[in-house]
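What follows is one structure encoded as structure tokens, with my remarks underneath.
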Amino acid sequence: MSKELWKGNEAIAEAAIRAGCRYFFGYPITPQNEIPEYMSLHLPEAGGVFLQAESEVAAINMVYGAAGSGARVMTSSSSPGISLKQEGISYLAGAELPCVIVNIMRGGPGLGTIQPAQGDYFQATRGGGNGDYRLIVLAPSTIQEACDHVRDAFDIADRYRNPVMILADGMIGQMMEAVEWQPSESRTLPEKTWATVGTGGTRKPNIINSLFIDPNESERHNAHLNEKYDVMRAEEVRYEATIPDDADVLFVAYGTPARLAKAAIRLLAKEGITGGLFRPISLWPFPEKPLNEAASAASVKAVVTVEMSLGQLVDDVKIAVNGVKPVSLCGKAGGIVPTPREVADAALAALGRK
Amino acid sequence: MAIVYQKSKGLTDLEMHYCPGCTHGVIHKLVAEALVDLNLLEHTIGVAPVGCSVFAYNYFNCDMHEAAHGRAPAVATGIKRVLPQNTVFTYQGDGDLAAIGTAEIIHAAMRGEHFTTIFVNNAIYGMTGGQMAPTTLVGQKATTAPHGRDRAHYGQPLHMAEIMATIGGAAYSTRVTVVDMPHMMKARTAIRKAFQMQMEGKGFTFVEVLSTCPTNWGMTPVEALGWVKDTMINEFPLGVFKDADSKEGS
């Protein structure tokens with residue numbers, strides 16, 4: 001396989017088509033526009049359907065309909081647009097339908113800015129819609145990884161009958177990098193016997209639904225969902241740990257800040273300080289146990305969370321570290337990307353060297 | 001003994017939850033009979049709304065998909081784009097379609113989506129207890145318009161069948177009612193025509209049905225039927241507003 005130069009958003013769209021996605025419903029919003037634009041040209045060539053909806057609300061409900069009929073379907077948007085999709089995402093999770101949702105995050109709150117940010121961490125990992133539900137949330141830090149995540153996301157969604165979100169900051173969507181197209185692992189996926197495709201006169205009607213008016217039935221449904229989420233917690237944790245045995249400081253970061261942390265580690269090395277990086281890849285389920293173990297290493301004196309938001313990831317880091325080491329925050333928000341020097345200085349401050 | 005009449009195979013045996021005197025049951029039956037008689041039922045996917053007919057997915061004997069409030073046309077769009085050969089319909093009330101879901105229905109019609117919408121207009125929010133709808137008549141009382149709908153405060157009712165007729169992608173738009181047998185027969189014909197035109201690929205088809213809500217109108221079932229005939233029809237005239245099959249209607 002040869003390497004090709006791809007822009008993040010276009011690579012994500014191409015990866016979806018290669019993964020068998022044949023339906024895409026979206027609405028324009030910066031900085032993710034190249035995804036629907038690419039789909040509008042290339043999805044019909046692959047025998048699929050691209051539709052620009054009247055709103056993000058409509059787009060996610062088109063996804064809900066198409067997923068119910070058994071299709072491999074995707075939508076993408078950016079922060080304010082993802083807020084509008086939350087109603088539909090809650091219904092998809094409640095009715096147990098597989099789909100892939102891409103959020104190329106920009107600054108907020110409100111209309112915010114079109115520059116990269118990570119302020120949607122809580123919304124993605126806590127459930128931005130109503131009710132007790134979970135999404136599997138994958139956070140790429142390179143364009144290669146974004147492509148691999150999209151490829152895997154459709155299979156994961158089908159396996160669990162659950163929406164999967166790709167959470168990337170605007171930097172990942174807008175920059176160009178080398179991509180090597182990796183073939184899918186061949187996974188055996190369950191048949192979609194639940195899909196609404198017409199009874200054909202051979203079975204009882206299928207009903208796609210998230211309404212359980214009897215509270216006892218509703219409780220059973222919630223318990224069933226939670227059992228499924230427990231399986232995800234056990235089987236879908238992903239992370240990267242690059243931690244030398246003598247690490248003084250442990251950075252925790254995802255997406256673009258993880259790359260900045262790597263640059264900061266190189267700066268700190270020149271100053272005689274050893275840094276390590278723990279990069280959660282699945283933001284939900286969060287790699288709680290591996291992070292606790294990494295932070296517990298004897299050499300580690302401080303844990304520094306680097307995020308392009310003002311204290312969201314750090315909450316999960318504190319839960320995982322659970323007091324074994326001090327946890328501090330290096331956060332930038334509103335569309336500003338921290339510099340490696342700022343990240344390195346945050347580590348120095350955490351170590352009491354500055 | 002010959003069977004001269006029986007329940008449609010297009011409906012399940014579940015007991016319906018509708019109030020006495022509500023005409024949702026009649027409309028369900030007309031839709032179900034049309035799907036059976038046109039031999040479409042086994043290939044049909046219906047989309048249920050939020051409102052009084054929220055449990056429609058339990059009553060129609062075909063594959064069903066429950067939508068969020070107002071989103072049925074978007075859900076139906078997703079289904080029909082995946083399954084272009086199948087029959088797809090939405091069944092929506094006036095709060096669902098003419099308030100929270102206005103954008104979805106207008107744009108589904110604009111795109112000429114090949115599904116059928118059955119729009120049940122009873123001029124009130126029934127399930128939530130009688131609040132004012134976009135179709136509530138001026139002067140009509142509702143729990144959120146205790147002195148009657150005030151034109152200066154809330155404007156006038158939306159006429160959805162007429163609005164749909166102005167949209168290029170709509171092939172058929174009509175308003176009917178089911179308050180007596182002659183009107184039921186006309187409604188029956190309209191619903192069949194809508195499904196036929198859908199399967200012929202003519203475009204989006206829309207049947208508005210004036211319905212009763214004796215519970216929230218504070219009337220007996222008989223009074224409610226009379227109110228539709230004497231008052232509601234004056235605001236919402238019956239007729240065909242667009243028919244791509246005939247020049248007069250277009």
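Order of the sequence lines fixes the chain letters, A, B, ..., with proteins taken first and strands second; residue numbering starts at 1 for each chain.
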If you draw a 6.0 Å radius around [atom1] in [X], do more than 12 non-hydrogen atoms from other residues or ligands fall strictly inside?
| X | atom1 | result |
| --- | --- | --- |
| B:Gln85 | CD | no |
| A:Asp132 | CG | no |
| A:Glu219 | CD | no |
| B:Lys7 | NZ | yes |

Determine whether a donor-acceptor pair (N or O, by modelled atom type, separation under 3.5 Å) exists between the side chain of B:Asn86 and the backbone of A:Val197. yes
Most contact-rich option vs chain A, by heavy-atom pairs under 4.5 angstrom, among B:Leu83, B:Ile106, B:Thr77, B:Leu41, is B:Leu83
Who among B:Gly78, B:Ala108, B:Cys62 has the most heavy-atom pairs with chain A under 4.5 Å? B:Gly78
Residues 89-100 of chain A vs chain B, non-hydrogen distance cutoff under 4.5 Å, contacting residues -> A:Tyr91, A:Leu97
Write out, in numerical order, the residues from residues 63-84 of chain A with a heavy atom short of 4.5 Å from a heavy atom in chain B. A:Tyr64, A:Gly65, A:Ala66, A:Gly68, A:Ser69, A:Ala71
Min side-chain heavy-atom separation B:Arg81-A:Leu51 under 4.5 Å: yes
Value rounded to 0.5 Å, distance of OG in A:Ser55 from CD in B:Glu104: 5.5 Å
Which pairs pass side-chain hydrogen bond (donor to acceptor under 3.5 Å, both in side chains) with one or both residues in residues 40-56 of chain B, sequence neighbours excluded? none
Going by the side-chain hydrogen bond (donor to acceptor under 3.5 Å, both in side chains) test, which pairs reach into residues 57-69 of chain B, not counting sequence neighbours? A:Arg203-B:Asp63, A:Asn209-B:Tyr57, B:His17-B:Tyr59, B:His69-B:Asp96
Scanning both residues in full, the closest heavy-atom pair of A:Thr196 with B:Met64 reads CG2-O, 3.4 Å
In terms of heavy-atom contacts, A:Ala58 and B:Ala74 come closest through O-CB, 3.6 Å
Given heavy-atom pairs under 4.5 angstrom as the criterion, report whether the side chain, backbone, both or neither of B:Glu113 touches chain A. side chain
Proximity breakdown for A:Ala195 and chain B, heavy-atom pairs closer than 4.5 Å: backbone
When A:Glu87, A:Glu54, A:Glu56 are each screened for salt bridge (charged side-chain N to carboxylate O under 4.0 Å, His left out) with B:Arg71, the one that passes is A:Glu87
